2 protein chains.
Amino acid sequence: MLVTIKDIARIAGVSHMTVSRALNGNNAVTDETRDKVLKIARELNYRPNLQARSLVMNRKYSIGIVFSTLLSATAPSFMQACLNGVYQTLAKDYNLIVKDLESGLEHFNFSRVDGVIFVSQQESDDSFIDFALSQGANLVVINRQVERESLINVTADEVAGAASAVKFLIERNCQRIALINGPAKIQSSIDRRQGYQQALLDKNIAIVSDLIKDGKFSIQGGYDAMKVILQESKDRQIPDAVFCSNDEMAFGAFKAINEAGLNIPNEIAVVGFNDSDICQFTTPALSTVKKPIEEMARLGAEALFALINQEAIANPLQQLGTELVIRASVR
Amino acid sequence: MLVTIKDIARIAGVSHMTVSRALNGNNAVTDETRDKVLKIARELNYRPNLQARSLVMNRKYSIGIVFSTLLSATAPSFMQACLNGVYQTLAKDYNLIVKDLESGLEHFNFSRVDGVIFVSQQESDDSFIDFALSQGANLVVINRQVERESLINVTADEVAGAASAVKFLIERNCQRIALINGPAKIQSSIDRRQGYQQALLDKNIAIVSDLIKDGKFSIQGGYDAMKVILQESKDRQIPDAVFCSNDEMAFGAFKAINEAGLNIPNEIAVVGFNDSDICQFTTPALSTVKKPIEEMARLGAEALFALINQEAIANPLQQLGTELVIRASVR
DNA sequence: TTGAAAGCGCTAACAA
DNA sequence: TTGTTAGCGCTTTCAA
């Protein structure tokens, strides 16, 4: 068994309460006593049992980060950015617990965490959000816009981001612009499609449903979708541009375009979304809409800690901007 | 405050002990009582306070996964594979806590977890390993081979993997083979370099230190290293192959080679390591050494749970095989 | 089959 | 400034 405050108390010849006070920096203890206690604690390599403290203080010293899924539709770069953003804000004593919703939300025990930062990706996540709120859990939802009374929600302006990309393509004289989108139920897919359609409407270009495909947010999916698009346009005109809902799918599309012997950007321009690491190193370099994922996670986590500590939340609804990054994949 | 067994006891008109027994499936309780208790528990949406149970049982219902670093030198795809592998083996009640060593190991409180799975990447991790062992923690080290009395260690045979790749290149008539390696202190870098050198020696090819560069395990680093290699060989012969210590660096090298106007694989053959998602979609497709990362993590986690539950460990030292995957980036 | 008492390691409240 | 007592929610032990 590990060292407890009682062990230290016995050796120091004081009560366990004096030890507790000394360790917690309570100043109702003489310097001499404190020094003695701290010295013994150090020698015995004492670590507080946070489970026990937790029971008394009703604090868990843990927060949870919950993903819709750890496996599919969560690109590694996206997940790492989220984890990093949250991890950086973590106070010294705090643990970060990773969960996904596929293991079943009935297993989620809110009594083990002080709060949850939920990286929400789809509308069906609502049941978890409502469950969390009904449990009175401290909750911050990031990535997907959610309408709930006084819920803290940090998102990016994906509609505008997608629209800016498509608008740019049109201004560069693209007329037949395909969309390789993520799975239909994912909110980012819905938003980016909306931005795509908005831009086309604004410029009086018809929306051609044959040019919209599901690329599953994966490299393979982007490749498959692009192949189908090219196949289907064999007898007709091929698209002169393709907007992909994330960079991975754009990367897959590159492969299909290369295999078809077509030139990027002269025959087909390509734009992605997120600005992940790969963009600068594809050939040609991939134009994209930069989404501040790590910052989104950081701001969400900061708000969560404010919530936990019952501090005022400056701005419960934050929508971060996106930014069009032009590289050689457009002409 | 949340529902406790005492609340249920009061409503059911029994003692809290009977509730505890009913909830834990102890059969020293009549079916009638049990049903009544379970029904009330369900209605009140009772969740056990694992902090409290923890205190009594001296079980934490959490394991930790510790990375050397969450930020640098940990490729997103590698990290996600590790997390997935461990997450899949997690028992229903268990939480997974993510940590890195950069936050300082003095902060690591082993009393909060039942065990730790350590994704070790470098020799300087040894201090953490020794610290963990000195604390009597349940520890499993994966990814890096570590010599410690009765320590559970799951690794991949990286030396052989690298050697097989380089040997293959030589058999395809490559003579000047560059190595773009990870940071020198990372064990995988050391192992893969050793495999590289071994293969060259076996085939009586001299090792040219100018052809060995640090690519930092990142796309950018691979690009930079390849550029330097090409720059330096301007007046001499350029290498006819480059072996990269991970796929990301190979991807960066592709870019530099493309920019130099050289053909892959005819002028320079390229091989990577890990077999991550991108390999099939680069142009040309990237040959690589497949490393079973997720399986490594899964086996490690299974062993950790066996250790926690004091079951026999079939095989404390497991070295998984690697496999050379040939694609179009070699001729 | 059920209940009462004790205690896991810690802190809050009160007393000395 | 220090100590005593009680109790957080749970399980183990022993008694009924």
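Predicted, not measured: the structure shown is a model, and the values here were computed from it. By convention in this document, chain letters (A, B, ...) are assigned in the order of the sequence lines, proteins followed by strands, and residues within each chain are numbered from 1. The figures that follow rest on heavy atoms only: side chains count, while hydrogens, waters and symmetry mates do not.
For dG9(D), the OP1/OP2 oxygens have no side-chain nitrogen or oxygen of R53(B) closer than 4.0 Å. Proximity of T18(A) to the phosphate of dT1(D): no side-chain N or O atom is located under 4.0 Å from OP1 or OP2. Close to dT1(C), at under 4.0 Å from its OP1 or OP2, lies no side-chain N or O of T30(B). Checking the phosphate oxygens (OP1, OP2) of dT11(C), a side-chain nitrogen or oxygen of N24(A) falls inside 4.0 Å. For the OP1/OP2 pair of dC8(C) and a distance below 4.0 Å, the side-chain nitrogens and oxygens of N58(B) include no atom meeting the criterion. Remark: T33(A) is in phosphate contact with dT2(D), judged by side-chain N or O atoms under 4.0 Å from OP1 or OP2. At dG9(C), none of the side-chain N or O atoms of Y46(A) fall inside 4.0 Å of OP1 or OP2 (strictly under the cut-off). S15(A) has a side-chain polar atom (N or O) that falls below the 4.0 Å cut-off from OP1 or OP2 of dG3(D). Contact annotation: S20(B) reaches the phosphate of dT11(D) (side-chain N/O to OP1 or OP2, under 4.0 Å).
Taking the six-membered ring for Trp and the full ring otherwise, the centers of F217(B) and F78(B) sit at least 6.0 Å from each other. Two rings, from F110(A) and F131(A), have their centers less than 6.0 Å apart.
In this structure, R112(B) places its CZ atom 14 Å from C1' of dC10(C), rounding to the nearest Å. Per the geometry, CZ belonging to R10(B) stands 15 Å off P belonging to dG3(C), to the nearest Å. One can place CE of M17(B) at 14 Å from P of dA5(C), the figure rounded to the nearest angstrom. Per the geometry, CD belonging to E32(B) stands 12 Å off C1' belonging to dT1(C), to the nearest Å. For the pair R59(B) CZ and dT12(D) C1', the interatomic distance rounds to 16 Å; values are reported in whole Å. Regarding I8(A), its CD1 atom lies at a distance of 12 Å from the P atom of dG9(C), rounded to whole Å. If you take NZ of K6(B) and P of dT11(D), they are 12 Å apart, rounded to a whole angstrom. When the P atom of dC10(D) is taken as reference, atom NZ of K60(B) falls 17 Å away, rounded to whole Å.
Each of L55(B) and V29(B) has a nearest nucleotide on DNA chain C; the 5'-most of these lies closest to V29(B). Place R21(B) and Q51(B) on DNA chain D by their nearest nucleotides, and Q51(B) ends up nearer the 5' end. A residue-by-residue look at N49(A) and G13(B) shows that G13(B) has its nearest nucleotide of DNA chain C further toward the 5' end.
Between K185(A) and E123(A), no side-chain nitrogen of the basic residue sits less than 4.0 Å from a carboxylate oxygen of the acidic one, so the salt-bridge criterion is not met.
Y94(A) and D114(A) share a side-chain donor-acceptor pair at under 3.5 Å.
In this structure, the side-chain hydrogen bond (donor to acceptor under 3.5 Å, both in side chains) partners of S68(A), at least two apart in sequence or on a different chain, are D125(A).
Among the heavy atoms of the strands lying under 4.0 Å from M57(B) are primed sugar atoms or P, OP1, OP2 only; no base atom is included. No contact: S54(A) has no heavy atom under 4.0 Å from any strand.
Contact check for T155(B) versus M296(B): no side-chain heavy atoms found under the 4.5 Å cut-off.
The base of dT4(D) is not paired with the side chain of H16(A) by any donor and acceptor separated by under 3.5 Å.
Side-chain atoms of A28(A) lie closest to dT2(D) of the nucleotides dT2(D), dC10(D), dG9(C).
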